[in-house]
J.: 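My questions all concern the structure below.
The analysis underlying the following values was restricted to heavy atoms, covering all of them including side chains, and did not include hydrogens, waters or symmetry mates.
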Amino acid sequence: MKKISASLALGLLSQHVYAAGFIEDSKASLGLRNFYINQDTRNADGATQEEWGQGFQFNYISGYTEGTVGFGVDALGLLGVKLDSGKGRHYNPDSSKYGGTVFPTDENGRAVDNFGSLGLTGKVRLSKTEARIGTLQPKLPVVTFSDGRLLPQTFEGGQITSAEIDNLTLVGGQLEHAKGRSSSNNEGLSISGANNAKTGQFSNKFYYAGGDYKIGKDLLAQYYYGELNEFYRQHFLGLTHSLAIGPGALKSDLRYFKSDADGKNDSAAGVAKGYASTGYYGLNAAGKAITKGEVDNDTWSALFTYSLGGHGLSAGYQEVSGDSNFPYLNQGDGATAYLITDRQIGKFASAGERTWLAEYGYDFTKAGVPGLKATVTYLSGDNIDSADGEKKEWERDFRLDYVLQDGALKGLGFSWRNASLRGNTSAADQDENRLIVSYSLPIL
C-alpha cells in the first residue's frame with residue numbers, strides 16, 4: 001500500500017503540478033510540539049517513566065487540478081527528536097511492547113535519538129465525492145487515530161467520502177497498516193489480547209462504512225460499521241442534540257456499540273492460536289480465571305453538557321456488558337477508542353464495567369483572560385467482572401491550557417495535564433503529568 005500510494009502521489013504530481021488550482025489552493029504548515037511526560041507507576045516494575053522530546057509535523061495539502069475530475073497530493077512529514085530520556089526512565093524491557101512512552105526502543109533498551117516518517121496521500125475529487133489512498137488519519141466512531149504523544153498515529157489505506165446528498169455525509173474505506181505514535185514502522189492491525197509485538201496475531205484488513213445525517217439544525221444521527229478481519233464486527237449508533245435552555249445550551253451525546261466475533265476469533269481453536277480478545281470468561285477446570293476469548297460486547301453511554309457563559313458542566317454514564325472488554329483497533333503502541341470514558345490514563349472499558357463521569361470546565365475569556373481554559377474530570381468505574389468479585393477504579397484529570405491571543409507569537413499554546421488513576425484491577429495505579437508547548441507556523 002505504501003509503495004502504491006507513493007507512486008500514485010508522485011505520478012499525479014508530475015502530471016498536474018502546473019495545473020491551475022493545484023498550486024494556488026495549496027496550503028503548508030509546520031507544527032511544533034515540545035512534549036514532556038512523567039508517569040509514576042505505583043505498583044509495578046519501572047515505577048517512573050520520564051521522557052522529553054521535540055516534535056515536528058510538516059503538513060502539505062494541495063489544491064485540485066481543474067476539470068470535472070480533480071487530482072491532488074497531500075504530504076505528512078513527522079520527526080521526533082529526543083531531548084531527555086534514559087534506560088531507567090524509558091523502561092521497555094518487555095519484547096511484547098513496541099516502544100517506550102514516547103520514543104521507540106533501540107537494541108540496548110534505550111530510547112532512540114530520533115524517529116520519523118513521511119506519508120503521501122493521493123486524492124481524487126468528483127463533484128462532492130473524494131477518494132484518498134495512502135496515509136490516512138480517520139476520526140470516526142469505529143476508528144480514530146491517536147494524538148496523545150509527541151507525534152500522531154497514522155494509518156495506511158483508502159477512503160471515500162461523499163456529500164452528494166444534502167445533510168448526509170457517507171464514508172467508507174479499508175485500512176491495512178498502522179504506524180504507532182512512538183514508531184517509524186507500519187504494523188498490522190490487532191486488538192488487546194492479540195497484539196503482542198513478538199508473538200501476537202495481526203490482520204491487514206479493516207473495513208469501515210457509515211454516515212452522518214443532519215436531521216435538523218441541532219440534531220445529528222450517525223451509523224457506522226467496522227470489521228477487523230478474523231477478529232470482530234462492530235455496529236455503532238450515535239445521536240447528538242443541542243437544546244437552548246434559558247441563557248445556556250444543553251448538548252446530549254448518546255452512543256451505542258454492538259460488537260461480536262469474526263473469523264478465527266469466533267472459535268475456540270482460533271482463540272487458542274492467539275486471535276483473542278481480553279475480558280472475563282468465567283473459570284477453567286482448575287478454578288482459574290479465563291481472561292481471553294471471543295469478542296462479545298455491548299457498550300452504551302450518555303453524556304450531557306450544559307454550557308452557560310464560560311462555564312461547562314458535564315455528567316455522563318457508560319455501561320459495558322458481555323464477556324469481552326470493549327474492542328477497538330489497538331496494536332499495542334497507543335490507541336484511541338471512541339468512548340466518553342477514554343481519558344488521559346484509563347479507558348474504563350472492561351467487561352461488566354459501569355462508569356459515572358463528571359466534568360467542569362471554565363473559559364476565562366469572560367473573566368478578562370482570553371485564551372485560558374481549565375477543566376477537571378472525575379470518573380468512577382465499578383462492577384468490573386473478575387474471579388475475585390467486583391473490581392473498581394477511578395481517575396481524576398486536571399487540564400490547564402493557555403494560547404497567546406496576539407503579538408509576534410500569536411497562537412503559541414501551553415498545556416499542563418495532570419491525572420491520577422487508582423483501583424483494585426490488574427491495571428497499575430498511576431500518577432501522570434504532561435507539559436506541552438505547541439505552535440503552528442504557516443508556510444504557504
Side-chain angles (χ1 to χ4, degrees), residues 1-10 12-13 27-33 35 53-62 72-81 97-105 112 114-123 130-161 171-191 195 197 200 202-208 226 228 328-338 342 436 438 440:
M1 176 65 72
K2 185 176 181 180
K3 292 182 179 179
I4 294 175
S5 61
S7 299
L8 174 62
L10 292 174
L12 291 173
L13 182 62
K27 298 178 181 179
S29 64
L30 178 62
L32 306 174
R33 177 182 293 179
F35 186 92
Q54 177 62 52
F56 301 88
Q57 179 172 324
F58 173 75
N59 282 288
Y60 173 74
I61 302 175
S62 80
V73 179
D74 295 346
L76 176 64
L78 301 172
L79 174 63
V81 179
K97 298 180 180 179
Y98 288 95
T101 304
V102 176
F103 298 98
T105 306
V112 300
N114 57 75
F115 70 108
S117 63
L118 174 63
L120 298 176
T121 307
K123 56 186 182 181
E130 180 188 63
R132 302 173 64 85
I133 183 170
T135 297
L136 302 175
Q137 290 183 304
K139 199 169 184 179
L140 302 168
V142 292
V143 54
T144 299
F145 79 96
S146 176
D147 192 21
R149 292 294 186 270
L150 184 66
L151 300 178
Q153 180 189 36
T154 61
F155 292 91
E156 291 290 325
Q159 175 176 295
I160 297 176
T161 303
V171 181
Q174 176 183 326
L175 302 179
E176 296 184 353
H177 301 95
K179 186 183 280 96
R181 58 196 188 187
S182 60
S183 175
S184 298
N185 303 318
N186 280 324
E187 308 290 349
L189 307 172
S190 191
I191 61 175
N195 59 15
F202 297 85
S203 173
N204 294 121
K205 293 181 180 179
F206 178 77
Y207 308 101
Y208 60 98
L228 180 58
Y328 58 99
L329 289 185
N330 180 0
Q331 287 60 251
D333 51 3
T336 295
Y338 188 71
D342 187 338
I436 305 168
S438 57
S440 181

J.: Does the pair Y208 and Q159 meet the rule for a side-chain hydrogen bond (donor to acceptor under 3.5 Å, both in side chains), with working shown?
T.: CA-CA 9 Å; Y208 60 98; Q159 175 176 295; 2.7 Å; yes
J.: With the side chain counted from C-beta on, respond yes when T121 and V73 share a heavy-atom pair under 4.5 Å apart, and no when they do not.
T.: no
J.: Looking only at heavy atoms, which two atoms of F145 and P152 are closest? And how far apart?
T.: CE1-CB, 4.1 Å
J.: Rounded to the nearest 0.5 Å, what separates atom OG in S29 from atom OH in Y60?
T.: 12.5 Å
J.: Rounded to the nearest 0.5 Å, how far apart are CD1 of I191 and CG of L329?
T.: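 I191 atom CD1 to L329 atom CG measures 9.5 Å (nearest 0.5 Å).
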J.: List the atom of Y207, the atom of Q174, and the distance in Å for their closest heavy-atom pair.
T.: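 That would be CE2-OE1, 3.3 Å.
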J.: Mind listing the closest non-hydrogen atom pair of S146 and G334 along with its distance?
T.: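 Heavy atoms of S146 and G334 come nearest at CB-O, 4.2 Å.
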J.: When rounded to the nearest 0.5 angstrom, what distance separates NZ in K27 from OG in S62?
T.: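 Between K27 NZ and S62 OG, I get 12.0 Å after rounding to 0.5 Å.
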J.: Is it true that R149 and D333 make a salt bridge, defined as a side-chain N closer than 4.0 Å to a carboxylate O?
T.: no
J.: Counting only N and O atoms by type, is there a donor-acceptor contact under 3.5 Å from the side chain of Q331 to the main-chain atoms of S190?
T.: yes
J.: Would you mind reporting whether L150 and R181 have side-chain heavy atoms less than 4.5 Å apart?
T.: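 Not in contact.
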J.: Given side chains that start at C-beta, do those of Y338 and Y328 come closer than 4.5 Å, heavy atoms only?
T.: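 Y338 vs Y328: side chains apart.
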J.: Do the side chain of N59 and the main chain of A28 share a donor and acceptor less than 3.5 angstrom apart?
T.: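 Judged by distance alone, no pair lies under 3.5 Å.
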J.: To the nearest 0.5 Å, tell me how far D147 CG sits from T144 OG1.
T.: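 Separation between the atoms: 12.0 Å.
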J.: Should the heavy atoms of other residues, nucleotides or ligands under 6.0 Å from CD1 of I160 be counted, would the total exceed 12?
T.: no
J.: Do F206 and V143 have side-chain heavy atoms sitting under 4.5 Å apart?
T.: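 Yes. Closest side-chain heavy atoms under 4.5 Å.
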J.: Do S184 side-chain atoms and G116 backbone N/O form a donor-acceptor pair below 3.5 Å?
T.: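 Pair found, side chain donor or acceptor close to backbone of G116.
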J.: Please report the interatomic distance CD(E176) to CD(E187), rounded to the nearest 0.5 Å.
T.: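 It is 14.5 Å, given to the nearest 0.5 Å.
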J.: Is there a side-chain contact between L189 and F155, using heavy atoms and a 4.5 Å cut-off?
T.: yes
J.: Could you check E156 against T135 for side chain to side chain contact (heavy atoms under 4.5 Å, CB included), going step by step and ending with a plain yes or no?
T.: CA-CA 5 Å; E156 291 290 325; T135 297; 2.9 Å; yes
J.: Decide yes or no for L76 and Q137: does some side-chain heavy atom of the first lie under 4.5 Å from some side-chain heavy atom of the second?
T.: yes
J.: Quick one: closest heavy-atom pair of F35 and V102, and the distance?
T.: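 For F35 and V102, the tightest heavy-atom pair comes out as CE2-CG2, 3.9 Å.
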J.: Give the minimum heavy-atom separation between N114 and V81, together with the two atoms involved.
T.: CB-CA, 4.2 Å
J.: Applying side chain to side chain contact (heavy atoms under 4.5 Å, CB included), run through R132 and D74 and close with a yes or a no.
T.: CA-CA 10 Å; R132 302 173 64 85; D74 295 346; 2.9 Å; yes
J.: Less than 4.5 Å apart, any side-chain heavy atom of L151 and any of K179?
T.: no
J.: Once rounded to the nearest 0.5 Å, what's the spacing between atom CG of L228 and atom CG of L175?
T.: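 Interatomic distance, L228 CG to L175 CG, rounded to 0.5 Å: 10.0 Å.
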J.: Do you know which two heavy atoms are closest between G53 and F103, and how far apart they sit?
T.: CA-CZ, 3.8 Å
J.: Using side-chain heavy atoms (C-beta onward) and a distance below 4.5 Å, is T336 in contact with D342?
T.: yes
